[in-house]
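Report on one structure; see the data block that follows.
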Amino acid sequence: MTKRILTRLGTSVLVLWGAVTVSFTALHLTPGNVVDVLIGSSIVTPEVRAQIIADYGLDRPLPVQYATYLGRVLRGDLGQSYQLHESVATAIGTQLGPSLQLAGATLLVTVVVSTTLALLTARRRRWIRGLSSGLELVGVSIPTFWAAILLLTVFSFQLGWFPAVGADGWSGLVLPVIATSIPITTMLTQLMRESLELTLEEPFVLTARSRGMSDLGVRLRHALRHALVPAVTLLGWVVGLLVGSMVAVEQIFSRQGIGQLTLAAVTGKDLPVVMGVVLVTAVLYVVVNIVIDLLYLVIDPRLRSAA
Amino acid sequence: MRARVGVGAASAVLALITLAALAPGLLTGGPPDQADALAALEGPSAAHWFGTDANGRDVFTRVVYGAAPSLLAGLGATALAVTVGTALGLLAALGGRVLDEVVMRLVEVVLALPTLLLALLVITVTGPGTVNVILAIALYTAPSYARLVRAQTMVIRRAGYVEAATSLGLSQGRIILRHVLPNAFEPLLVLATIEVGIALVAAASLSYLGLGPQPPAPEWGAMLSGGRDYFSVAWWIAIFPGVAITLTVLSITVVGRHLQRRIS
C-alpha cells in the first residue's frame with residue numbers, strides 16, 4: 001500500500017512537471033521573440049514590455065528562465081493574458097463554473113445510463129446484445145462535434161424543443177450533455193457489460209442464486225460492485241476526453257466555459273491562456289487519479305485490509 | 001455470418017471512399033468550387049443530391065472531393081505516429097535501462113495530458129493548416145505505439161530465433177529489421193487500423209474549429225464549419241459531411257475489430 005501511494009505520488013509529480021515543461025517548450029518553440037509571443041496580437045506600452053521581460057527573466061540564460069517559470073507556476077501564478085487584460089488564473093476561474101456544470105452533469109448521466117444498460121444487457125438473449133453492441137459501435141464512431149451539430153439542428157432548429165443559443169439553466173444543458181455523453185457512455189457500457197458477464201460466472205454469484213436470490217438482486221447486490229472497478233479506472237481517461245470535447249460543444253451551443261476560452265486563445269495566439277489551461281487540466285488529472293485510488297478502497301474491501 | 005456481412009459492407013464503403021479520394025471526377029461532374037449564386041441553399045434534389053450550400057456549391061461534389069484531404073489527415077497522422085512510436089519503442093526496449101526509463105516516463109506524461117488540448121497547444125505554436133494538424137495528432141498518438149512496440153520487442157527479444165540470429169553474429173540493426181519488426185507488425189497493424197479512425201475524427205474536429213485546411217478547401221470538418229451559420233435554414237449542410245465522417249470511421253472500426261479478432 002505504501003509503495004502504491006509512493007508510486008502514485010511520483011507519477012503525479014512527474015505529470016505536473018511534464019505539463020510545465022511542455023508549456024515552457026511550446027513558449028520557446030513558437031517562432032518570434034518570446035516577449036512578442038506572450039503579448040500576442042495586443043499592443044502594450046514599453047513599460048509593460050520591460051515588466052514582462054523582468055517577470056519571466058527573459059534577459060537571463062535559458063535554465064534560469066526555466067527555473068523562474070517553474071517557480072512561478074509552483075506559486076500558482078499562471079501569468080497574464082495581455083489580450084484579455086487579466087491574469088490567466090482569473091480568466092480560467094471565471095469560466096470554470098459553466099464547464100464544471102457541463103462536466104458534472106455529463107459524468108452523472110454517463111454513469112447512470114451505462115450502469116443501467118450494462119445491467120439490462122449483460123448475458124441476455126443474443127439479439128439484445130447484438131443490438132446494443134451495434135449501437136455502441138455507432139456511438140464510438142460519431143464525432144462529438146457532429147453529434148452536437150445534429151442535436152442542435154434537429155431539436156433546436158427543426159423542432160424548437162430546446163434553446164439554440166447558450167441559455168442558462170437546465171434546458172440549455174440538455175443537448176450539450178447528450179452530445180458529450182455519447183462516446184463516454186458507449187465505451188463505459190461495453191466495458192461494464194464485459195466485466196459484469198465475467199462476474200456473473202463467479203462462484204459467489206452461484207451461491208447467491210442458490211439462496212434463492214432474484215436475478216435482479218444478484219446483479220445489483222453482488223455483481224455490480226465488481227463491474228464498477230474497470231469503470232472507475234476509465235475515469236481518468238474520461239476527464240481528458242471531456243476537456244477536449246468541451247471545446248467544440250461549447251462553441252456549437254454558444255456556452256461560456258473553458259472550451260470557449262481555449263478556442264479563442266488558440267485562434268488569437270494567446271499562448272499564456274493555452275498554457276494555463278494545459279496546466280490546470282494536468283492538475284485535474286492528478287486529482288482525479290487520487291480520487292480513483294480512494295474509490296478503489298471504497299468499492300473493493302480487499303484492498304482496505306491490505307492497507 | 002452476420003459479422004461477415006458487416007465486414008463486407010464496411011469494406012465496400014471504404015472502397016467507395018478510397019475511390020472518391022483517388023478519382024473524385026469519376027463520381028461527380030463539376031469542380032468542387034463551382035458557385036452558382038442563383039442556386040444557393042437549395043434542398044436535396046435530382047440535380048443536387050445533397051443540396052447546395054450558401055454559395056450555391058453542390059454539397060455532394062464537395063463531400064466527394066472532401067474525401068482526399070480528410071483521409072489524408074487521418075492516414076498521415078497515423079503513419080507519422082507509427083514511425084515515431086516504433087522508433088521510440090525500439091529505443092526503449094533495446095537502448096538499456098536508463099533510456100528505457102526516460103522514454104517510458106515521457107510516454108506516460110504525454111498520455112496523461114488531454115489529447116485535444118495537446119493538439120491545440122501545438123497548433124497555437126505552429127498556426128493552423130493540414131500539416132500542422134497531422135503533426136499535432138501524431139504527437140499525442142505516438143506514445144501508444146511506443147508502448148506496444150516496446151512490449152512486443154521485449155517478448156520477441158527472448159525468442160529462440162533472435163538468440164539464434166545473435167549467436168550467428170548478425171548485427172543488431174539486421175536483427176531488428178529482419179526479425180523483430182516483422183514479428184511486431186501484426187499487432188501494430190491492428191492498433192494502427194483502429195487508430196486511423198480516431199485520428200480522422202480528431203483531424204475533422206480540428207478542421208471544424210477552423211484550425212485545419214482553410215476555406216474554400218472541401219474538407220469534411222471545414223465544410224461543417226463553413227455551413228455553421230446556415231444550419232437553422234439548411235439542414236443538409238449540417239448532415240451530409242458528418243455522415244461521410246461517421247460512415248468512414250464506422251467502417252474503419254468494423255474492419256479493425258475484425259482484424260483484431262482474427263489475430264487473437
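Order of the sequence lines sets the chain letters (A, B, ...), proteins ahead of strands, with each chain counted from 1.
- Ranked by heavy-atom pairs shorter than 4.5 Å toward chain B, the options A/Thr153, A/Val154, A/Val243 are led by A/Thr153.
- Here the side chains of A/Pro143 and B/Thr246 are in contact, with some heavy-atom distance below 4.5 Å.
- Distance check, rounded to the nearest 0.5 Å: CZ of A/Phe145 to OG of B/Ser207 gives 8.0 Å.
- Looking at B/Val233, neither its backbone nor its side chain comes within 4.5 Å of chain A, counting heavy atoms on both sides.
- In this structure, the separation between CG on B/Leu116 and OG1 on A/Thr281 is 11.0 Å, given to the nearest 0.5 Å.
- Ranked by heavy-atom pairs shorter than 4.5 Å toward chain A, the options B/Val122, B/Ile123, B/Leu224, B/Leu111 are led by B/Leu224.
- With respect to chain B, the highest number of heavy-atom pairs below 4.5 Å among A/Ile149, A/Leu271, A/Val22, A/Thr30 belongs to A/Ile149.
- For the pairing with B/Leu117, the side-chain contact (heavy atoms from CB on, under 4.5 Å) check across A/Val266, A/Ile258, A/Val278 returns one residue only, A/Val278.
- Among B/Ile252, B/Val201, B/Leu120, the residue making the largest number of heavy-atom pairs under 4.5 Å with chain A is B/Leu120.
- For B/Leu211, the part lying under 4.5 angstrom from a heavy atom of chain A is the side chain only.
- Between chain A and the residues B/Thr253, B/Thr126, B/Leu121, the most heavy-atom pairs under 4.5 angstrom are made by B/Leu121.
- Counting only heavy atoms from C-beta outward, the side chains of B/Phe231 and A/Phe157 approach each other to under 4.5 Å.
- Here the shortest heavy-atom pairing between B/Ala238 and A/Trp146 reads O-NE1, 2.8 Å.
- The residue among A/Leu242, A/Ile252, A/Asn289 with the most heavy atom pairs within less than 4.5 Å of chain B is A/Ile252.
- Ranking A/Leu150, A/Ile142, A/Thr262, A/Val239 against chain B, the residue ahead of the rest is A/Ile142, based on heavy-atom pairs under 4.5 Å.
- Taking both residues in full, the closest heavy atoms of A/Lys269 and B/Val125 are given as NZ-O, 3.6 Å, listed atom of the first, atom of the second, then distance.
- No more than 12 heavy-atom neighbours from other residues, nucleotides or ligands sit within 6.0 angstrom of CD on A/Gln256.
- Of all non-hydrogen atoms in B/Val254 and A/Leu137, the two that sit nearest each other are CG2-CD2, 3.4 Å.
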